[in-house]
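Order of listing sets the numbers, starting from 1, for every ligand and every atom in it. Note that the structure is predicted; figures quoted are calculated from it, not measured.
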Amino acid sequence: MDIEGEKSVLPTEEVYHPDMNLYKRAYDDSFKNMEAFWSFNAEILTWYKKWDRVLDDTKKPFYRWFVGGKLNMSYNCVDRHIEQHRRNKAAYIWVGEKGDEKIVTYDGLFRRINNLAKALINLGIKKGDRIVLYMPMIIEAPVAMLAAARIGAVFSFVFAGFGAGALAERINDSKAVLLITADGSFRNGKVVELKKIADEALEMTSTIRNVIVVKHAGNNVDMNEDRDIWYHEVVGDSYTYVEPVQMDANDPLFILYTSGTTGKPKGAVHSTGGYGVWVANTLKWAFNPDEDDRWWCAADIGWITGHSYIVFAPLILGLTSIMYEGSITYPEPDRVWEIIEKYRINILYTSPTAIRMLMKFGDKYPKRHDLSTLKVLGTVGEPINPSAWRWYYETIGNSKCPIIDTYWQTETGGFMIAPQRALGLPPLKPGSATFPLPGVDPAILNDRGEEVKDNEKGYIVFRRPWPGMLMTVNNDDERYVKTYFSKFYGYYFCGDYAIKDSDGYYWLLGRADEVLNVAGHRLGTIEVEDALVSTGLAVEAAAFGKPDPIKGEVIVAFIVPKQIQADRRELISEIRKRIRSDLGPIYVPDEIHIVKLLPKTRSGKIMRRVVKAVALDQIPGDLTTLEDSSSVDEIRSAIEAFR
Ligand code: PRX
C-alpha cells in the first residue's frame, strides 16, 4: 500500500536485516509457547521470587501476569546496576533550557532515590499510599517515581502543563496524601509557576497532607508552614539506605490519567511485574540499543512515553538517557540538533508534531550540526505523514537510520506495533508502524465485529492480553470493562482506525471516537466542552478536532454565550484565559466561534458531527433528527465571518 504515492524504503544494508525469521519465530513462540516465552523474557528483571504462573486469565478481562512473583522496580532500575558494572555509568545527562547540564550516574541516582524514600517514610507514607507528582523535566522527577516504587507507594504523575482544575481532579480521584512539585519550570525562556498552580488545585482537594517542593526555577513561592516542605530540607545531604519493599507482580506501580470519550479522565492502573517486563523488552526489541548508546526520548516525563521510555525501560536496561527540560525550539530552532551534536546522541525518539515543526524551519538548522552519531530514529503519538517521515529519514538520519514508528497507548504500557530492529527489520514503508510485537494479536474489525479484508479500514483490536496492559481503571472496574472490552466482546478495543495491507503491514489512521490528538496529546472532546461551559461564560459548547498540518489536529469550539456581549474578542480571550488556568494551555481551542444556537436533536443532544461537518465544509449527513435547521446556518455564517 502506498499513501501519498510513496514507495517503500529499504534502509541501507548496514541496518537492514532481511532475515525476518527471527521475528517470525519470536512472534509465533509468544503464542504457541506462551508460558516458556514469557518466563524467558521476564528474566530481563531481577525477581525476589519467581512467579507461579505466567498468566492468570480466570477473571477475564482482569488479566494478571506473573502471578506470585515478587520484585521491586527501584531495585531493578538502580540497585542491580550499581551491584554490577554500571555504578559510575551515567543514567541521565540532564540538559536545562539555558544549556546548563547535570550528569547523574547510577550511583548518584541510587543515593537520591534512597534519600527521598527515607523522607517519604518519615512523612508517614506507607505501601499502597498514593502520591501525586506535578513536576517538570528535572532529575527529581524520576527520583520521585522510583522513591515511591521503592517503598511501595503508588504514584500518579500529572503532566506539568496541566492547569489547577486538571491537577485537582487527579488528586481527588487518586485520593493522594502527598504532592511533590517544584517552585517552577522553564519554558521558552519564561518561568511557569508550578507551586502557585498547585496551591490553587489544593483549594479544591482535601486529601493531601504534605507538599514537597523542589527549588528549581528560583521564583518566589508561598509556603504553607503546616503543609509544605522544601525538598532539599526534607532529603538532607547525608546518605541513608532504604530496603526496597518486595512488591507483588500485580501490586500497582502507578496510575496515569488519560482522556476518553466521557468528561472525566480515566486513571489507567499499571502493574509492577507485567509492566516492567513489557517496557524493557519492547524497548530492546524495537530499538535494540547498545550498552554505550545515548538514548533520547524527547517526550515529557508526565505522559506515558516519558514514564515507560525515559524512566522505566532505559533504566531497567541500564542505558544512558538524555533528559531535556524546555522547548525544542528555544532559543533557536536548532536546539534539538545542537543537543544531538553536543552529546553525540545515537537514538532519538520523538513525535511527528515535533518533526513537522522542526521541518518547517528548513534544512539549514539540522545542516549546521553533525548528526552522524545517530543510528536509529523513532516516532510516537500520532500517525506520521510520509513527507515528514522522509524528511526525518533523509535529512536527519542521512538515509541510514531506520524509522521506528511505534504505535501504542497509555493503556498498553509500551509499544504494540513497531518495526523491531533486534528481531530483523522489515523493509519500512513511510507511514506504517509495520508489524505487531511478540504477544500482540491485532485484528481489524467492522461495526459488526467481523474481520475486514486486507486494505480495508476498520477498528483495531487486540484479541489477547499482553503483559504491559493496564490492570483496570482506578476505582472503576466497570468502566474498564465497558471502555475496553465491550464494543467487541472480550477484545481490547483501542479506539483507533487502522488498515492492514496485503503485505501484512499495519497503518494506523487516527481515532475512531471523540478523542482529540493535538500535537500528539490525547484530549477528550467532552473535557474541552465541559471546561468551556464551566468558565461560566458559555451555556453550551461543541468542540471538535480540525486537521492541522503541524499539530495533526487543533481544537475548534462553538459556544453559545451566557450573555450577548458587544465585544466578542474580549469574551473569547477571557474564555481562553480561564481554560488555560483550569485545564492547561494544551486545551485552549485555536478557534472559538460564537453562535446563538447549536445544532441539536429533538431530545436536546448537541450534534457535534453536524457542527464539525458544516464548519469543515463537508457534507453533514443525515439531518432529519435536527431540531432547528437555522442552527446550521449559524455555524456556516460564524465560519464565513471568521474567514
Ligand atoms: O490514536 C493513537 C495515537 O495516540 C493514541 C494514544 O495516546 P496516548 O495514550 O496519549 O499515548 C501516546 C503515546 C503512546 C492512540 O490511540 N498514536 C500513538 N502512537 C501512534 C498513534 N497513532 C498512529 N501512529 C502511532 N505511532
note = Taken to the nearest 0.5 Å, the spacing of Asn250 CG from Tyr63 OH works out to 14.0 Å
key: Heavy atom of the protein closest to atom 10 (O) of ligand 1 (residue, atom name, distance)   = Arg522 CB, 3.4 Å
request  = Fit a plane to each ring of Trp38 and Trp278, take the angle between them on a 0 to 90° scale, and name the class: parallel (under 30°), tilted (30 to 60°) or perpendicular (over 60°).
outcome  = tilted
Atom indices of ligand 1, in the order listed, that fall short of 4.0 Å to a heavy atom of Asp405 = 25 (C), 26 (N)
query = For ligand 1, which atoms sit closer than 4.0 Å to a heavy atom of Asn517?
reply = 3 (C), 4 (O)
task = Between Gln409 and ligand 1, find which residue part has any heavy-atom pair under 4.0 Å and reply side chain, backbone, both or neither.
result = both
note = From the list Tyr407, Phe493, Tyr497, side-chain contact (heavy atoms from CB on, under 4.5 Å) with Ile460 holds only for Tyr407
key: Presence of salt bridge, Arg335 and Glu325, under 4.0 angstrom   = no
ask   = So, Trp285 versus Tyr23, ring centres under 6.0 angstrom or not?
value = no
request  = Answer with yes or no whether the side chains of Glu527 and Ser259 bring together a donor and an acceptor at under 3.5 Å.
outcome  = yes
inquiry  = Below 3.5 Å, N or O to N or O, backbone or side chain included: is there any such pair between Thr305 and ligand 1?
reply    = no
message = I'd like to know if Glu451 and Arg463 make a salt bridge, using a cut-off of under 4.0 Å between side-chain N and carboxylate O.
response = yes
task = Decide, yes or no, whether a salt bridge links Arg608 with Glu514 under the criterion of side-chain N to carboxylate O below 4.0 Å.
result = yes
request  = May I ask you to check if ligand 1 and Thr410 share an N or O to N or O distance below 3.5 Å?
outcome  = yes
inquiry  = For atom 20 (C) of ligand 1, what's the nearest protein heavy-atom neighbour? Residue, atom name and distance, please.
reply    = Glu382 N, 3.5 Å
ask   = In the protein, which heavy atom is nearest to atom 16 (O) of ligand 1, and how far is it?
value = Asp496 OD2, 2.5 Å
Within-cut-off N or O pair, Cys494 and ligand 1, under 3.5 Å = no
task = Before accepting this row, confirm whether a basic side-chain N of the pair Glu382/Lys551 lies closer than 4.0 Å to the acidic partner's carboxylate O.
result = no
ask   = What atoms of ligand 1 come closer than 4.0 angstrom to any heavy atom of Pro383?
value = 22 (N), 23 (C), 24 (N)
message = Suppose I only count heavy atoms of Thr406 and a 4.0 Å limit; which atoms of ligand 1 are within that range?
response = 19 (N), 20 (C), 25 (C), 26 (N)
key: Which of the ligand 1 atoms, numbered from 1, are nearer than 4.0 Å to a heavy atom of Val380   = 13 (C), 14 (C)
inquiry  = Among all the protein's non-hydrogen atoms, which is closest to atom 19 (N) of ligand 1, and how far away is it?
reply    = Gly381 N, 3.1 Å
task = Using a strict 4.0 Å cut-off to heavy atoms of Trp408, name the atoms of ligand 1 that fall inside it.
result = 6 (C), 14 (C), 15 (C), 18 (C), 19 (N)
